[in-house]
Amino acid sequence: MGFARTCSVALVGVEGVVVEVQADLEPGVAAFTLVGLPDKSLIESRDRVRAAVLNSGAEWPQKKLTVGLSPASVPKGGSGFDLAVACAVLGAAERLDPRELADLMMIGELGLDGRVRPVRGVLPAVLAAADAGYRQVVVPEQTAAEAALVPGVSVLGVRSLRQLIAVLTDEPVPEEEQPPDRGRPDAMLAGLMVPGAGAGTGVLAGSPVAPRQPDMAEVAGQHAARQALEVAAAGGHHLLFMGPPGAGKTMLAERLPGLLPPLTQKEALEVTAVHSVAGVLPPGKPLVDAPPYCAPHHSATMAALVGGGNGLPRPGAVSLAHRGVLFLDEAPEFSGKALDALRQPLESGHVVVARSAGMMRMPARFLLLLAANPCPCGRHTQRGDGCDCTPMAIRRYQGRLSGPLLDRVDLRVHVSPVSRAELAAPPGGAESTASVAARVLEARARALARYAETPWTANSDVPGHELRTRWYPAPGALREAETDLEHGLLTARGLDRVLRVAWTVADLAGHDRPTTEDVAQALHLRTGIGRSVPVGAGER
């Protein structure tokens, strides 16, 4: 009788659970039994592993073989257990030393020829292994760079099972031939990308050949909207653009990610882990270091936005936009249930999806940017010029964005059509993305210094109670906002959000605390109503 064990990782959403892979050989009729709550793709590993072992020059044991995946109560799926199962079987057959396998973490799919194929979710799997105390990880060679992002872990990238056997037995490591380059994509990398996943959700971050970064200098006019983008980026505030078609709402939204600060190392690992699990992480870019930009089509379902799918839930658009921007163009055209499902992650920064196969908690701290037309035809103005929609149709259309959702949006700006003079203005008059991003970075640094001893980093993260009791605005600065609260123009949540925006405006202006002018500007950005204090045009 032979016994051996090694370890792998089962992914539940973007969190990993360490799984012990045990192999037991007993005398009897040759059979291969796999237990431990495997799904269909994992059950099929019996045939993949047997063929891979034989084609790697090793002998398959002709005994009763039982492979157990523990803990048995955790659902397990995917092909990433193949490598661990094969090594556990070879350890039980004494082809490998079982002692060499006990402290190894193995992740990878096996081809029938013995080659090790990459799988999705290597980064969160290795993070889970490191948290569990494992310091040696074996992964496919194509994902070794992704696994190496985890500090304190020794990573061994292998091309084939034959190479791994040689390493574990101190034999000469054979050279595996590289497939000839005939101008076609490498078939070995097919498992890393979900077909159409990036295009279906509008995810632009992480592309190995990134498109040219849109520049704010290309935007003609739109001073109020430019100012709103700057405030949103500096404080992490959610934003609504309302205006007719062709005014530049989408053009402005595409330039918001360029204003956000670069991701920290911790944030980059969080984003990369989500993208790796979702299958939108390109093989040539193991680390996503720029804020992602996710722009799903308005036909997206609630499951596509918040996460879901058959079996265990998968990350949705809110998680793919984690630490970046989620842009919903033509927001009233989205399903009302899908839009209202955003309310919980907007407050908590994560989303919990429960399905019959299990429950999954995914990060979802994103900056929401909504764009909407004022009416079905898009030509409605306060004067009603050129609009053929009935008042009932206008109210019904605008009512698709529910009050509770809009109450969580800090900035609401009307985007007017660009005038002929602004379009004909000579180039060079508008600020570039680089200059605006520099001011945003300075404002973020002021906020970070202010909240140094707290768990918060941006003004939008701070609870309203803390702002009212620990960081006071200038005396009398909130008088007009409190009057709006008494008249019902603001809710209690709305007052807190005005105070958060006022702190961001003060950080951009270099003020120690919000002044009356800063609060008036915050009120104007939230309500769209002009105040007695003049509001800056956004140019500096």
Side-chain angles (χ1 to χ4, degrees), residues 202 224-243 249-250 252-257 259-261 291-296 298 305-306 316-332 334 338-351 363-372 398 400-415 440 443-444 447 456-464 467 490-505 507-508 521-528:
R226 290 170 60 97
Q227 182 191 36
L229 282 181
E230 183 175 342
V231 172
H237 304 289
H238 307 304
L239 173 61
L240 167 65
F241 280 149
M242 180 78 74
K249 302 186 294 295
T250 303
L252 287 161
E254 292 173 347
R255 282 147 181 80
L256 179 56
L259 303 181
L260 297 177
Y293 175 77
C294 187
H298 61 255
L305 283 181
V306 301
V318 296
S319 297
L320 295 175
H322 180 58
R323 302 294 182 182
V325 177
L326 176 63
F327 175 48
L328 302 185
D329 200 4
E330 305 292 346
F334 280 79
L339 289 175
D340 286 338
L342 300 177
R343 287 152 53 179
Q344 184 257 347
L346 285 176
E347 290 289 334
S348 62
H350 64 268
V351 60
R365 188 167 298 280
F366 55 91
L367 198 161
L368 178 63
L369 177 51
L370 303 171
Q398 295 180 353
R400 294 179 182 177
L401 299 178
S402 67
L405 176 63
L406 290 180
D407 201 34
R408 291 167 168 82
V409 177
D410 300 345
L411 313 175
R412 308 171 191 175
V413 178
H414 182 78
V415 182
V440 168
R444 289 259 184 167
W456 311 298
T457 57
N459 292 321
S460 61
D461 301 331
V462 185
L467 283 179
L490 281 178
T491 63
R493 182 194 288 122
L495 179 62
D496 290 342
R497 292 185 176 276
V498 167
L499 185 54
R500 294 179 184 132
V501 175
W503 271 106
T504 301
V505 174
D507 288 337
L508 286 169
Q521 186 171 346
L523 280 169
H524 177 73
L525 287 172
R526 179 171 180 84
T527 64

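What you see is a predicted model; the values in this text were computed from it and never measured. As a basis for the values below, the full set of heavy atoms in this structure was taken, side chains included, without hydrogen atoms, waters or symmetry mates. Counting from 1, the numbers follow the sequence of the chain as shown.
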Exercise. Mind running side chain to side chain contact (heavy atoms under 4.5 Å, CB included) on H322 and F366 for me, showing each step along the way?
Key: CA-CA 5 Å; H322 180 58; F366 55 91; 6.0 Å; no
Quiz item: From L346 CG over to L368 CG, what is the distance, rounded to the nearest 0.5 angstrom?
Solution: 5.5 Å
Exercise. To the nearest 0.5 angstrom, please state how far the CG atom of D340 sits from the CG atom of L401.
Key: 9.5 Å
Quiz item: Given the rule in the side chain to side chain contact (heavy atoms under 4.5 Å, CB included) test, do S402 and L339 qualify, once you have shown the distances and angles that lead to the verdict?
Solution: CA-CA 8 Å; S402 67; L339 289 175; over 6 Å; no
Quiz item: Taking only residues two or more places apart in sequence, or in another chain, which ones meet D496 in a side chain to side chain contact (heavy atoms under 4.5 Å, CB included)?
Solution: R468
Exercise. List for me each residue that meets side chain to side chain contact (heavy atoms under 4.5 Å, CB included) alongside A234, sequence neighbours excluded, and say none if there are none.
Key: V440, A443, T504, L508
Exercise. For residues V351 and P363, determine if any side-chain heavy atom of one lies less than 4.5 Å from a side-chain heavy atom of the other.
Key: no
Quiz item: Between the side chains of E254 and T250, does any donor sit under 3.5 Å from an acceptor?
Solution: no
Quiz item: Looking only at heavy atoms, what is the nearest atom pair of R444 and A233, with distance?
Solution: NH2-O, 2.7 Å
Self-check item: Nearest heavy atoms of G236 and L367, plus distance in Å
Solution: CA-CD1, 4.0 Å
Quiz item: For L370 and F241, what are the C-alpha separation, side-chain angles and deciding distance, and is it a side chain to side chain contact (heavy atoms under 4.5 Å, CB included)?
Solution: CA-CA 6 Å; L370 303 171; F241 280 149; over 6 Å; no
Quiz item: Going from CE on M242 to NE2 on H414, what distance comes out if it is rounded to the nearest 0.5 angstrom?
Solution: 9.0 Å
Quiz item: What is the minimum heavy-atom distance between P332 and A371, and which atoms define it?
Solution: CD-O, 4.2 Å
Quiz item: Do L320 and P292 have side-chain heavy atoms sitting under 4.5 Å apart?
Solution: no
Self-check item: Heavy-atom side-chain contact between V462 and W503 under 4.5 Å
Solution: no
Practice problem: Apply the side-chain contact (heavy atoms from CB on, under 4.5 Å) test between L411 and each candidate in L229, V501, L369; give the one that qualifies. | Solution: V501
Self-check item: Spatial distance of atom CG (N459) from atom CG (L499) [nearest 0.5 Å]
Solution: 9.0 Å
Quiz item: Could you go step by step and tell me if D461 and R365 meet the salt bridge (Lys or Arg N to Asp or Glu O under 4.0 Å) rule?
Solution: CA-CA 10 Å; D461 301 331; R365 188 167 298 280; 3.6 Å; yes
Practice problem: Looking only at non-hydrogen atoms, find the nearest pair between D507 and A447 and report the distance. | Solution: OD2-CB, 3.8 Å
Quiz prompt | Spacing of CZ belonging to R408 relative to CD belonging to E347, to within rounding of 0.5 Å | solution = 4.5 Å
Quiz prompt | Atom pair CG (L240) and CG (D410), whose distance is rounded to the nearest 0.5 Å | solution = 11.5 Å
Self-check item: Backbone of V415 reached by a side-chain donor or acceptor of K249 within 3.5 Å
Solution: no
Self-check item: R526 bridged to D407 by N-O distance under 4.0 Å
Solution: yes
Quiz item: Out of L525, L406, T527, which one pairs with R412 under the side-chain contact (heavy atoms from CB on, under 4.5 Å) rule?
Solution: L406
Exercise. Please report the shortest heavy-atom distance between S460 and G235, naming the atom on each side.
Key: OG-O, 2.9 Å
Quiz item: Within the distance-only criterion (no hydrogens, no angle test), does the side chain of S319 pair as donor or acceptor with the backbone N or O of A364 below 3.5 angstrom?
Solution: no
Exercise. Look at the rings of Y293 and F327 and say which category their plane angle falls in: under 30° parallel, 30 to 60° tilted, over 60° perpendicular.
Key: parallel
Quiz prompt | Nearest atoms (heavy-atom pairs only) where A502 meets A522 | solution = N-CB, 3.6 Å
